[in-house]
Amino acid sequence: MQGTRDFYPDKMRWRNWLFETCRRVSQLYGYEEYDGPFLEYLDLYAAKSGEELVNEQTYTFESRGGEKLAIRPEMTPTLARMVAAKQNELRKPIRWFTIPNVWRYERPQRGRKREFYQYNIDLLGVESVEAEAEVLAVVVEIMQALGLGKGEFVIRINNRYYLEALLGELGIDVSKKDAVFREIDRIEKLKPEVFRANLSEAGLTDEQVNGLETSLREKNFGEYPALKTLWEKFEQYGISDYVEFDPSIVRGLLYYTGTVFEVWDPSKKFNRAIMGGGRYDNLVTALGGQPLPAVGIAFSDVTIEEMLTQQGKMPNLPREIDVYVAFYSANEKPTAIKIASELRQTGLKTELNILDNSLDKQLKAANNSGARYAIIVAPDELARGEVNVKDLQQREQKAVKIEDLAKILKG
RNA sequence: GUGCCCAUAGCUCAAUUGGUUAGAGCACUGGUCUGUGGAACCAGGGGUUGUGGGUUCAAGUCCCAUUGGGCACCCCA
């Protein structure tokens, strides 16, 4: 089906590697994994996600009972719903992460599918921007663990309140905010004259357009308190090299308040955000909870794969097992089965030859299995209570007592 | 949802521009090697050219539809 993928074992190894890396780093910071249902009531998204996301990109249908349901297009509303439902009994601050599959009805292209896996990390219950700093520190560490270092990704950060203040200083009326934000969000894609023309059309004076353009190009937040504090925290967390202030970052989701951020490939070979996130202090309230400030960020397996591919950083992850058990003839097979069972009991990943083919073929199969060692059960050695152990990398072989086998294989 | 580009063996690509039976490298299988794997040599399997129609004496090649992939919008991870 369009925009979906089959994960054959070769690809599944990569996905597992990615997920395990995300889990490991998240847990290092005390974050706990959660999950929710694949389906939600459509109403959950209707209020607060982006209009286009809900109306045009969400898979919706009616259940047999006539309820309007949606396949989750994102995870944050589910998270907010879950938190609101048990708000009083949850230990705070809430540090959670998840890696759900989500669906969006869009035209697929590079870095964009219809079904994808989305790592989400969220920190709820912290009002100060220290929350932003910690969440981004986790993100930086995940990127590093995936093989991306300094200069290979950049987190671009803005604050919507800062942007609103800027509009205020320029005397731009609040009623024009949405239209102006929209143009600001696209400034990098637009030619300067188009940007200016669009703003004029939105009702800005030439003076306001010039002032806005100058401020956006300056990339300097001055003394704006929330951003100043945030940068101090970046320093303390040691991630200053990975962040940059960019007043043109706005983002489309309606629920963001204050800080917003996106992760980009600095080489721009991949010309879309790899990750996106920000602060959403009102979402839990909107879903019936008590006020609870929150920060979160998400990325998908699809965009990360594209990023790693562009940077030549896709890892080589060959199939790996410990032992391949081969045998000389059908007479030795029962013994081979027994030996394989014993090896598995000791925790060694053991693949047993299950066909009745020649030793020649078996060793070839052993080589292709990814096994470090091959065990060869053969009559002469068996008579002495031994089997041959072949190191498939060193190409060396020696006979060892069967009872010593596991110990020797475990090094 | 709009516009455009692409589709040949498992993979990467050929096919004298509409003309015999669609080829090559790599990969795969078997053999040279009857108690031992990555080399070399030899041989072999594998395709209704994404799918379905149409034009033509003749279609991988031209036309239409459809499916999938990509690019630009839109949006976004």
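Every chain is numbered from 1 and lettered A, B, ... according to where its sequence line falls, protein lines coming before strand lines.
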Integer-rounded Å distance: B:C75 C1' and A:R104 CZ:
9 Å
Between B:C73 (C1') and A:L190 (CG): distance, integer Å
12 Å
To the nearest Å, how far apart are A:K364 NZ and B:U32 P?
13 Å
By the 4.0 Å heavy-atom rule, please label A:N120 as base, sugar-phosphate, or nothing.
nothing
Measure from CZ on A:F270 to C1' on B:A77 and round the result to the nearest Å.
8 Å
Would you mind checking if A:R217 and A:E213 are paired as a salt bridge, meaning a charged N to carboxylate O distance below 4.0 Å?
yes
Which one, B:G35, B:A77, B:U36, comes nearest to the side chain of A:I376?
B:U36
Please check: side-chain N/O of A:N210 versus main-chain N/O of A:D206, any donor-acceptor pairing under 3.5 Å?
yes
Taking atom C1' in both B:C28 and B:G70, compute the distance separating them and give it to the nearest angstrom.
30 Å
Report which part of the nucleic acid A:A298 touches: base, sugar-phosphate, or nothing (heavy-atom distance under 4.0 Å, all strands).
sugar-phosphate
For residues 139-151 of chain A, which side-chain donor-acceptor pairs fall under 3.5 Å, sequence neighbours excluded?
{"residue": "A:E141", "atom": "OE1", "partner": "A:Y29", "partner atom": "OH", "Å": "2.6"}
{"residue": "A:Q144", "atom": "NE2", "partner": "A:Y242", "partner atom": "OH", "Å": "2.8"}

Taking the side chain of A:Y328 as heavy atoms from C-beta outward, which of B:G35, B:G37, B:A72 is closest to it?
B:G35
If you go through the side-chain atoms of A:Q362, does one of them form a donor-acceptor pair with the base of B:U36 closer than 3.5 Å?
no
With respect to the side chain of A:Q109, which nucleotide from B:C75, B:C71, B:G1 is positioned closest?
B:C71
First encountered from the 5' end of RNA chain B, between A:R395 and A:K361:
A:K361
Reckon A:E381 touches a base, only the sugar-phosphate, or nothing at all at heavy-atom distances under 4.0 Å?
base
Could you tell me whether the side chain of A:Q393 has a donor or acceptor atom within less than 3.5 Å of a complementary atom in the base of B:G37?
no
Distance between P atoms of B:U8 and B:C4 (Å, rounded):
22 Å
Rounded distance in Å between the P positions of B:C33 and B:G38:
14 Å
I'd like the C1' distance from B:G47 over to B:C57, given in whole Å.
26 Å
Could you check whether A:F299 and the base of B:A77 form a stacked pair, meaning centres closer than 5.5 Å and planes differing by less than 30°?
no
Does the ring center of A:Y224 lie less than 6.0 Å from the ring center of A:Y162?
yes
Taking every heavy atom of A:R95 against every heavy atom of A:L123, the minimum-distance pair comes out as CG-CD1, 3.6 Å
Identify whether the distance between the nearest side-chain nitrogen and carboxylate oxygen of A:E386 and A:R384 falls below 4.0 Å.
yes
Distance check needed: B:G70 P versus A:R114 CZ, whole Å only.
12 Å
Spell out yes or no: do the side chain of A:E106 and the base of B:A77 have one donor N/O and one acceptor N/O closer than 3.5 Å?
yes
Let me check I have this right: for RNA chain B, each base becomes ., (, ), [, ] or |, based on Watson-Crick or G-U pairs with both distances under 3.5 Å. What is the full string?
(((((((..((((.....[...)))).(((((.......))))).....(((((..]....))))))))))))....
Determine whether any donor atom in the side chain of A:R272 lies under 3.5 Å from an acceptor atom in the base of B:C76, or the reverse, and answer yes or no.
yes
Looking at every strand, decide which applies to A:D301 at a 4.0 Å heavy-atom threshold: base, sugar-phosphate, or nothing.
nothing
Expected output: side-chain A:N158 to main-chain A:V260 donor-acceptor under 3.5 Å
no
Verify whether the ring centers belonging to A:F221 and A:W231 lie closer than 6.0 Å.
yes
Under 4.0 Å between any heavy atoms, over every strand shown, what does A:A374 touch: base, sugar-phosphate, or nothing? Just pick one.
nothing
Between A:E40 and A:Y45, do the side chains contain an N or O donor and an N or O acceptor separated by less than 3.5 Å?
no
Report yes if at least one side-chain N or O of A:Q2 is closer than 4.0 Å to OP1 or OP2 of B:G68; otherwise report no.
yes
With a 4.0 Å limit, can you tell me whether A:N367 has a side-chain N or O closer than that to the phosphate oxygens OP1/OP2 of B:U36?
no
For B:A22 versus B:A27, give the span between their P atoms, rounded off to a whole number of Å.
25 Å
Tell me the interatomic distance from A:E74, atom CD, to B:C75, atom P, rounded to whole angstroms.
16 Å
Suppose we call a contact any N or O donor and acceptor under 3.5 Å apart; does that hold for the side chain of A:R107 and the base of B:G3?
yes
Side-chain donor/acceptor contact of A:R112 with base of B:C75 under 3.5 Å
yes
Using OP1 and OP2 only, check whether a side-chain N or O of A:K113 sits under 4.0 Å from B:G68.
no
Taking the P atom in each of B:G54 and B:A59, what is the distance between them to the nearest angstrom?
12 Å
Does this structure show an ion pair linking A:E305 with A:K313, if we count only N-O contacts that are shorter than 4.0 Å?
no
Just how far, in rounded Å, is C1' of B:A77 from CD1 of A:I142?
14 Å
Between B:A65 and B:C6 - P atom distance, rounded Å
15 Å
Checking one value: the base orientation of B:U17, syn if chi is within 90 degrees of 0, otherwise anti.
syn
When you measure from the side chain of A:R72 to the backbone of A:G36, do you find a donor-acceptor pair of N or O atoms at a distance under 3.5 Å?
yes
What interatomic distance, in whole Å, is found between C1' of B:U55 and the corresponding atom of B:C62?
8 Å
Nucleotide B:C75, atom C1' - distance to NZ of A:K189 in whole Å:
9 Å
What's A:D380 touching, base or sugar-phosphate or nothing? Going by heavy atoms closer than 4.0 Å.
base
Under 4.0 Å between any heavy atoms, over every strand shown, what does A:I304 touch: base, sugar-phosphate, or nothing? Just pick one.
nothing
So, does A:R110 get its side chain near the phosphate of B:C71, meaning an N or O under 4.0 Å from OP1 or OP2?
yes
Contact class for A:G277 vs. all strands (heavy atom < 4.0 Å): base, sugar-phosphate, or nothing?
nothing
